[in-house]
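Structure record follows, encoded as structure tokens.
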2 protein chains.
Amino acid sequence: MTRRIPQARDRGIPDATVARLPLYLRALNGLAERGTPTVSSEDLATAAGVNSAKLRKDLSHLGSYGTRGVGYDVQYLIYQISRELGLTQDWAVAIVGVGNLGRALANYGGFASRGFRIAGLLDADPAVVGDRIAGLVVEHTDELESVIASRAVSIVVIATPATAAQHVCDRVTRAGVTSILNFAPVVLNVPEGVDVRKVDLSIELQILAFHEQRKANGGPIMAEEWPDGVEQVNERSIGASS
Amino acid sequence: MTRRIPQARDRGIPDATVARLPLYLRALNGLAERGTPTVSSEDLATAAGVNSAKLRKDLSHLGSYGTRGVGYDVQYLIYQISRELGLTQDWAVAIVGVGNLGRALANYGGFASRGFRIAGLLDADPAVVGDRIAGLVVEHTDELESVIASRAVSIVVIATPATAAQHVCDRVTRAGVTSILNFAPVVLNVPEGVDVRKVDLSIELQILAFHEQRKANGGPIMAEEWPDGVEQVNERSIGASS
DNA sequence: GTGCCTTTGTGAAGCTACGCACAAAGTGAG
DNA sequence: CTCACTTTGTGCGTAGCTTCACAAAGGCAC
């Protein structure tokens with residue numbers, strides 16, 4: 001691989017920190033719009049909804065970009081975080097699966113404004129192929145490999161039904177894609193070196209339901225066994241098929 | 001508050017565990033569909049994409065539901081996890097904001113099958129009010145409080161533009177809602193006792209971009225300063241407004 | 001230049017989570 | 001009944017993350 005110059009922030013940006021950088025970036029953009037020139041870690045932390053010490057430690061992983069007694073220069077910090085996240089270059093993104101969700105994603109403004117350019121929309125359904133969505137014409141998934149290669153797609157968003165997701169995943173990884181954002185409710189199997197991030201709408205609701213239940217009755221104090229003394233036979237009475 | 005019977009799994013289910021339970025539940029449902037009667041922690045862990053020791057420890061927080069030498073009864077475990085997550089009751093959910101995303105959510109099948117019932121769709125735009133989506137008629141946000149009260153809504157999904165999110169949030173919390181799933185790219189301010197979970201599509205992409213950049217060039221070895229020796233003045237050249 | 005005030009950057013302590021490895025517990029064959 | 005085998009449940013060492021608290025550093029007034 002390429003030689004690397006060892007540096008303070010060389011290899012060691014913790015995942016937890018990386019996950020928060022976009023949050024800081026958004027808060028900073030808000031401040032920039034209002035023309036704020038500098039911001040203290042305290043104020044920025046409040047805007048981003050985190051502890052100020054955590055924010056300082058996070059930023060310290062990027063380098064020493066603050067000024068003691070003053071704070072951080074908003075524009076400068078926006079640039080540094082953007083660069084660290086790789087948002088100063090633009091990324092070609094392909095969305096596979098143009099159902100309700102894929103359509104919503106294609107129209108979502110938050111992508112284009114952050115260096116993500118939707119370079120292709122693909123679907124297996126001939127009835128959808130040819131539709132014009134968000135300025136792009138939907139192409140057939142047969143074109144998947146050629147679209148990826150010709151338009152230098154480096155990130156693929158999978159918004160297909162669960163059953164198709166693994167197949168699409170296999171094809172795009174074989175085509176050289178190493179970053180996948182998966183909305184299908186399945187655990188994708190990928191080769192070494194491929195990053196998958198998963199967004200699962202129903203999981204979030206289930207976590208909320210857990211806490212809501214905890215709040216409603218001070219914790220589950222109901223019976224621990226089956227509802228009616230039912231034996232543990234295969235009754236298929238509870239599990240909802242997805 | 002209500003008296004609580006102290007129990008092994010009384011108060012102490014770690015958040016990290018709660019976040020994984022839905023994953024196990026999905027894997028179990030898959031096994032149940034194929035008629036598998038029992039499963040070992042090893043196999044279930046593989047299906048869910050986690051370490052088997054972690055899975056066993058997670059499940060041990062719920063109780064001792066396995067049989068040594070055999071494994072876990074699939075149906076029984078589905079029931080126990082469902083109950084712990086509160087999925088054995090049904091939850092009335094209202095979706096505020098019926099844009100592309102709200103529409104996708106309303107049509108997403110993964111909710112209904114897990115005890116989440118969409119009880120209301122609301123939007124501020126008169127052009128959308130009255131539309132029929134996923135079997136529901138979109139109502140005006142003026143009706144927000146009455147919809148929440150009359151239909152016992154306990155979870156609200158915010159899928160509005162960022163600018164409207166805090167206002168909607170204030171109204172629903174004042175109406176007694178204590179669980180919110182937020183898709184708007186803002187940090188919501190809520191009173192004590194209210195749970196907010198945030199799903200941010202662009203943040204996931206930014207995290208992917210970070211890792212992708214790391215893979216491309218073995219870490220950022222480019223200049224650490226401004227592109228051209230530019231001074232740190234307010235140039236507004238980088239930050240994209242959201 | 002001096003001294004005060006503000007705010008950063010970070011050492012250190014506490015906490016949570018992860019995963020190994022193993023004893024305890026259950027099954028099934030003979 | 002006994003023995004060999006499987007698999008759970010968990011104690012424990014480790015790694016990573018969070019938070020506190022403070023010394024070091026810079027700005028500003030005079």
Side-chain angles (χ1 to χ4, degrees), chain A residues 7-24 27-28 31 36-74 76-77 80-81 84 207 224 232, chain B residues 7-21 23-24 27-28 31 36-74 76-78 80-81 84 207 210-211 224 231-233:
Chain A
Q7 206 106 81
R9 54 166 230 307
D10 178 51
R11 184 61 208 149
I13 301 189
D15 287 347
T17 294
V18 173
R20 282 187 294 265
L21 289 180
L23 221 65
Y24 305 152
L28 285 164
L31 291 167
T36 316
T38 65
V39 66
S40 70
S41 64
E42 197 70 50
D43 291 351
L44 183 54
T46 302
V50 301
N51 177 299
S52 72
K54 182 151 63 180
L55 179 133
R56 286 198 298 277
K57 188 152 282 184
D58 282 344
L59 294 184
S60 78
H61 285 117
L62 311 189
S64 193
Y65 297 141
T67 308
R68 294 167 193 238
V70 177
Y72 299 89
D73 181 286
V74 171
Y76 186 57
L77 196 51
Q80 289 299 346
I81 295 179
E84 194 68 43
I207 295 171
E224 293 185 9
Q232 306 175 24
Chain B
Q7 207 106 79
R9 54 167 229 305
D10 179 50
R11 185 59 206 148
I13 301 187
D15 285 350
T17 294
V18 173
R20 282 186 296 265
L21 290 180
L23 221 66
Y24 305 152
L28 285 164
L31 291 167
T36 315
T38 64
V39 66
S40 71
S41 64
E42 198 69 51
D43 291 351
L44 183 54
T46 303
V50 302
N51 175 297
S52 72
K54 181 153 62 180
L55 180 135
R56 287 197 298 277
K57 189 157 283 184
D58 282 345
L59 294 184
S60 77
H61 285 117
L62 312 189
S64 193
Y65 297 141
T67 307
R68 293 168 193 238
V70 177
Y72 299 90
D73 180 286
V74 171
Y76 187 56
L77 197 51
I78 285 175
Q80 290 298 345
I81 295 179
E84 194 68 44
I207 296 171
F210 170 83
H211 291 293
E224 294 185 7
E231 276 303 316
Q232 306 174 25
V233 289

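Letters A, B, ... mirror the listed sequences (proteins, then strands); counts begin at 1.
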Report summary line: residues 41-52 of chain B vs salt bridge (charged side-chain N to carboxylate O under 4.0 Å, His left out), sequence neighbours excluded, gives none
**Report entry** Test side chain to side chain contact (heavy atoms under 4.5 Å, CB included) applied to A:Asp15 - qualifying residues, sequence neighbours left out
**Finding:** B:His211
Considering only nitrogen or oxygen atoms on both sides, find all protein atoms under 3.5 Å from nucleotides 7-10 of chain C and state each distance.
from: C:dT7; atom 1: O4'; to: A:Gly69; atom 2: N; distance (Å): 3.0
from: C:dT8; atom 1: OP1; to: A:Ser41; atom 2: N; distance (Å): 2.5
from: C:dT8; atom 1: OP2; to: A:Ser41; atom 2: OG; distance (Å): 2.6
from: C:dT8; atom 1: O2; to: A:Arg68; atom 2: NH1; distance (Å): 2.8
from: C:dG9; atom 1: OP1; to: A:Ser64; atom 2: OG; distance (Å): 2.9
from: C:dG9; atom 1: OP1; to: A:Tyr65; atom 2: N; distance (Å): 3.4
from: C:dG9; atom 1: OP1; to: A:Gly66; atom 2: N; distance (Å): 3.0
from: C:dG9; atom 1: OP2; to: A:Tyr72; atom 2: OH; distance (Å): 2.6
from: C:dG9; atom 1: O4'; to: A:Arg68; atom 2: NH2; distance (Å): 3.0
from: C:dG9; atom 1: N7; to: A:Arg56; atom 2: NE; distance (Å): 2.9
from: C:dG9; atom 1: O6; to: A:Arg56; atom 2: NH2; distance (Å): 3.2

Query raised in the report: NE2 of A:His61 versus P of D:dC17: gap in Å, rounded?
Result: 8 Å
Query raised in the report: Atom CG of B:Leu55 and atom P of C:dC18: how far apart are they, to the nearest Å?
Result: 12 Å
**Report entry** With sequence neighbours excluded, residues passing salt bridge (charged side-chain N to carboxylate O under 4.0 Å, His left out) with A:Arg20
**Finding:** A:Asp58
Report summary line: Taken in chain and number order and not counting sequence neighbours, the residues that satisfy side chain to side chain contact (heavy atoms under 4.5 Å, CB included) with A:Ala47 are A:Ala27
Query - Check: A:Thr36 side chain, A:Leu31 main-chain N or O, donor-acceptor pair, under 3.5 Å - result: yes
**Report entry** Nearest-Å distance for atom pair CD1/P, residues B:Ile13 and C:dT16
**Finding:** 15 Å
Query - Nearest-angstrom distance from the residue atom CG of B:Asp15 to C1' of D:dG16 - result: 17 Å
Report task. Ignoring backbone atoms, establish whether B:Asn51 has a side-chain N or O less than 4.0 Å from OP1 or OP2 of C:dC20. Result -> yes
Query raised in the report: Could you state the CG-C1' distance from B:Asp58 to D:dT10, rounded to the nearest angstrom?
Result: 13 Å
Query - Nucleotide C:dG14, atom C1' - distance to NZ of A:Lys54 in whole Å - result: 15 Å
**Report entry** With A:Ser41 via side-chain hydrogen bond (donor to acceptor under 3.5 Å, both in side chains) - residues at least two apart
**Finding:** A:Arg56
Query raised in the report: Within this structure, what is the CG-to-C1' distance between A:Leu21 and D:dC17, rounded to whole angstrom?
Result: 15 Å
